[in-house]
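Please read the structure below before turning to the comments.
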Number of protein chains: 2
Amino acid sequence: MITGKNYIGNQLKASGTTTHKTVNPKLNVQNPTDFYQATLEEVNEAVELADKAFKVYRKVSGEKRAEFLNAIADEILALDTELTDMYMLESGLPEGRAQGERGRTIGQLRAFADLVAEDQWRNVTIDQAIPDRQPLPKSDLRKTSIPLGPVVVFAASNFPLAFSTAGGDTASALASGCPVIVKSHAMHSGTGELVASAIIKAAEKTGMPNGVFSNITGSGRVVGSALVKHPKVKAVGFTGSIAGGRALYNLGTQRDEPIPVFAEMGSINPVVVMPNVIKNKSAETATTYAGSITVGTGQFCTNPGLLLTIAGEDTDAFVKDLAEKTTAIASQCMLHPNIKEGFVSNAEIVTSQPGVEVVGKIEGDLQANFAPSTICAVSGAEFLANPKMHTEVFGPFSLVVKAKDQEELLAVIDGLEGQLTGTVLAEKEDFDALPAVTDALQAKVGRIIFNGVPTGVEVCESMTHGGPYPASSDSRFTAVGLGAIKRWVRPFSFQDWPTELLPSELK
Amino acid sequence: MITGKNYIGNQLKASGTTTHKTVNPKLNVQNPTDFYQATLEEVNEAVELADKAFKVYRKVSGEKRAEFLNAIADEILALDTELTDMYMLESGLPEGRAQGERGRTIGQLRAFADLVAEDQWRNVTIDQAIPDRQPLPKSDLRKTSIPLGPVVVFAASNFPLAFSTAGGDTASALASGCPVIVKSHAMHSGTGELVASAIIKAAEKTGMPNGVFSNITGSGRVVGSALVKHPKVKAVGFTGSIAGGRALYNLGTQRDEPIPVFAEMGSINPVVVMPNVIKNKSAETATTYAGSITVGTGQFCTNPGLLLTIAGEDTDAFVKDLAEKTTAIASQCMLHPNIKEGFVSNAEIVTSQPGVEVVGKIEGDLQANFAPSTICAVSGAEFLANPKMHTEVFGPFSLVVKAKDQEELLAVIDGLEGQLTGTVLAEKEDFDALPAVTDALQAKVGRIIFNGVPTGVEVCESMTHGGPYPASSDSRFTAVGLGAIKRWVRPFSFQDWPTELLPSELK
């Protein structure tokens with residue numbers, strides 16, 4: 001079924017000669033298919049088709065767009081084990097995760113379908129005319145939201161389904177009325193092509209204009225840069241590394257016509273463990289966090305990479321327990337040899353800093369691409385003095401900072417970069433000290449969690465998945481949850497417009 | 001009363017040596033006060049104070065912030081004729097405009113006060129927990145909006161009150177919980193200082209933290225650049241030229257930590273005059289538009305600089321009538337010698353293009369800084385071939401494009417850059433042709449007006465004052481109306497947070 005070609009609108013094309021293969025990380029071998037990098041002509045054709053499709057698609061009713069999104073969900077389900085097998089083959093992730101992530105992907109598509117089936121999401125406001133107002137009459141003004149135009153979505157390495165081809169960015173952009181061109185992730189191009197085929201089928205079945213979706217392949221930066229720089233592309237969504245996201249942000253903002261580039265990038269997700277939790281709940285907290293640190297081989301944006309504690313004997317015991325429990329969980333496969341390499345080299349950066357103690361690490365010969373889960377500890381003073389310890393180690397890794405007191409703990413938070421999440425673990429006896437901690441965290445993160453774990457991102461109206469830079473390139477938006485649609489629309493006002501010519505939501 | 005100094009928080013300071021004077025454009029003489037450009041140390045002090053103030057101010061209740069905004073309005077009114085006299089002295093604008101603009105400024109402050117007095121504007125959503133959900137329980141999630149941090153506002157040349165020191169940007173940012181540092185406009189530094197003194201008084205009377213507002217003076221780019229590049233500045237608002245706005249946007253987006261720069265820049269505000277209007281309502285349309293083109297000496301962002309018509313004898317007669325009526329309105333003073341110079345040189349760019357006919361222009365010796373209102377015409381084909389005709393001529397100037405047919409008229413719209421507004425003048429008989437025109441305009445503008453004029457921007461919930469680049473640097477926001485507050489806030493989620501620790505709007 002897999003062709004290795006690009007979907008330029010509804011046509012499979014591969015006129016180029018540059019190819020790449022995906023890898024089966026568990027066996028550490030290449031998968032057979034050659035994926036053809038799109039040529040610049042193909043990239044251009046996809047964007048031109050999207051621009052043309054936009055003129056039609058932006059006026060397709062919310063109800064019809066909902067049909068399209070639901071049809072995508074149906075077609076993804078129809079791919080059945082062909083899709084989940086390919087997913088496992090290309091990601092090394094287990095079957096339960098494949099099914100769970102597919103469920104989330106379907107759920108997102110249906111949630112956005114429900115959102116746009118009625119035009120309630122457009123933030124409509126109506127100010128009626130006051131013809132006899134003094135000194136000047138007031139006009140009738142009605143505001144709605146309209147889509148920006150063709151959106152380029154960069155698939156994420158760590159969510160081959162839920163944040164890739166038909167993931168949250170695509171679902172929210174299509175829901176808003178924007179055509180989407182996906183830059184497929186080179187690590188799971190086969191999964192990408194299967195999902196793309198589902199979207200194309202759904203578009204055809206529900207009568208959407210050709211060009212409403214394209215799927216572009218390529219393993220380097222050539223194709224991605226060409227997409228972001230194309231004058232007819234009007235917005236970009238990205239999930240991945242700070243370096244990658246910043247490069248795309250720079251391209252987008254330095255165009256003749258700058259465009260919004262929403263990049264959801266790194267985060268080490270500080271977790272503040274208050275003293276009474278360590279006193280009363282040390283063992284269960286260590287168990288819960290060993291699970292959160294290793295879930296999905298630690299390959300989540302919200303992985304708790306930094307635990308902030310107050311130093312003491314109890315804390316030392318907690319850290320030891322956490323390290324034992326974390327390393328007792330069997331090593332798991334990472335997504336790709338490159339991801340494993342990044343894990344090892346970033347862990348090395350942190351663990352080689354003066355004062356950093358490796359409290360626990362899975363030792364011995366591991367299978368290729370399997371991760372040695374690691375727990376380290378460092379004093380507050382040493383952490384404060386050394387920003388290299390802020391390095392995100394993408395994988396099952398966490399650094400425990402032992403501050404000498406609450407003041408130093410607050411200084412540690414103040415010194416952090418922007419983050420997606422902050423978590424506070426506290427007992428009633430800690431509540432007096434919480435406002436200062438919360439204030440410090442609020443300045444740095446997009447979501448705070450009480451007595452829970454940052455992993456697990458609910459897709460709902462009240463979710464914020466984004467935060468001050470570099471957690472995301474624009475903290476004013478979220479990448480997850482229904483609010484994600486706001487990234488792709490702009491307000492638009494009709495003044496004294498004849499009722500019969502108004503869009504339905506403004507009548 | 002005027003000192004020429006900077007307000008660094010509530011202290012008047014002027015440790016630098018670079019100075020400038022404002023100009024009385026009517027008399028074409030300099031006003032006496034020396035205004036001291038802030039030193040880089042003073043700039044830094046203002047930002048550090050703002051950052052410190054933010055920690056307090058962001059938690060000040062909506063009710064208290066409303067008090068502060070209303071007190072600013074009161075203190076501005078208390079300045080009475082001292083303020084309006086200074087305004088007229090520095091802008092050449094008449095007393096009625098001074099009073100009208102002061103009224104608008106007051107109205108904006110009070111509208112934002114009303115908005116934030118209750119916490120209804122924060123887009124609060126609540127998703128309650130579902131502890132028994134399968135396969136995983138759902139957490140309690142509550143979302144609100146929180147302020148970004150210190151905001152730098154660049155005062156506008158053409159609205160010394162309503163878009164300057166205590167104008168829409170300042171009012172919306174202070175309302176949101178962000179401290180504001182105003183870069184005063186060098187053309188009306190005296191007006192700026194008076195208004196700044198009102199804000200400082202209001203802050204003191206209502207117990208706001210020192211640093212919640214500063215007023216920085218300077219006539220070049222040094223001070224503005226230093227402000228935008230300061231790491232503790234978190235957002236920027238600007239109203240002015242494309243060159244100025246883009247330069248600040250580039251500075252803001254190229255920082256280590258990029259920040260949002262909302263720049264409201266140029267616009268030539270296309271007006272489509274449909275054939276039956278020219279047939280049935282030629283004379284009254286010419287009268288209305290002569291007024292709209294010359295109001296405020298044409299120095300409005302929404303000035304109708306481009307009229308799009310279908311060629312014909314009736315149209316020629318309309319253009320002639322429009323030119324006569326426009327030039328029959330007495331020439332008025334412009335804001336500053338620089339503005340007059342810009343008007344003359346940009347008008348020269350357009351009128352010197354091949355095919356452009358000057359249909360009417362105020363001739364003869366005018367007082368210094370008085371504008372020679374001008375109406376030109378050109379064929380659709382020539383306009384399409386020559387982007388230099390898109391040049392914004394800031395002042396009482398309009399170019400009428402005579403397209404050979406509707407198709408060419410649509411092509412003219414398709415070829416335009418982004419605009420703040422588009423206007424359609426139509427009779428019932430034109431309605432069949434309107435959807436195509438509206439579609440074309442909608443892709444280019446932020447607000448469309450039916451059978452009216454683009455000048456006059458209502459401050460209300462449903463206003464959009466912004467549009468595709470270069471009308472603004474981010475079309476997803478508006479600079480006017482209550483929605484302007486959204487530029488300065490970000491969504492923030494609380495997960496499973498104890499009720500007693502939630503902010504009041506989320507309880």
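Letters A, B, ... are given to chains in the order of the sequence lines, protein chains preceding strands, and every chain is numbered from 1.
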Subject >> Contacting region of A:Arg133 [heavy-atom separation from chain B under 4.5 Å] >> reply: side chain
Subject >> Any donor-acceptor N or O pair under 3.5 Å, side chains A:Ser139, A:Asp496 >> reply: yes
Subject >> Part of B:Ile126 within contact of chain A (heavy atom distance under 4.5 Å) >> reply: backbone
Original post:
Do A:Thr253 and B:Tyr249 come within less than 4.5 Å of each other through their side chains, counting heavy atoms only?
Top reply: yes
Please report, to 0.1 Å, the donor-acceptor pairs under 3.5 Å made by any side chain of residues 432-443 of chain A, with sequence neighbours excluded.
| residue | atom | partner | partner atom | Å |
| --- | --- | --- | --- | --- |
| A:Thr438 | OG1 | A:Leu434 | O | 2.8 |
| A:Asp439 | OD2 | B:Lys59 | NZ | 2.3 |
| A:Gln442 | OE1 | B:Arg58 | NH1 | 3.2 |

Subject >> B:Phe262 six-ring face occupied by B:Arg487 cation (under 6.0 Å, within 45°) >> reply: yes
**OP:** Considering only heavy atoms and a distance below 4.5 Å, find which of A:Arg246, A:Lys486, A:Glu257, A:Gln254 pairs most often with chain B.
**Re:** A:Arg246
Subject >> Largest heavy-atom contact set with chain A, pairs under 4.5 Å, which of B:Gly422, B:Pro147, B:Pro468 >> reply: B:Pro468
Original post:
Between B:Asn269 and B:Thr423, is any pair of side-chain heavy atoms under 4.5 Å apart?
Top reply: no
Original post:
Is there a side-chain contact between B:Val489 and B:Trp121 (heavy atoms, below 4.5 Å)?
Top reply: yes
Subject >> Contact origin within A:Asp256 toward chain B - heavy atom pairs under 4.5 Å >> reply: backbone
**OP:** Could you tell me which portion of B:Val445 (side chain, backbone, both or neither) has an atom closer than 4.5 angstrom to a non-hydrogen atom of chain A?
**Re:** both
Original post:
Between B:Ile449, B:Asp140, B:Ile146, which residue shows the highest count of heavy-atom pairs closer than 4.5 Å to chain A?
Top reply: B:Ile449
Original post:
Which of these passes salt bridge (Lys or Arg N to Asp or Glu O under 4.0 Å) with B:Glu505: B:Arg142, B:Lys143, B:Arg122?
Top reply: B:Arg122
Original post:
Any idea which of B:Phe492, B:Phe494, B:Tyr469, B:Phe477 has the most non-hydrogen atom pairs under 4.5 angstrom with chain A?
Top reply: B:Phe492
Subject >> When B:Lys138, B:Lys234, B:Arg490 are compared by non-hydrogen pairs under 4.5 Å with chain A, the top option >> reply: B:Arg490
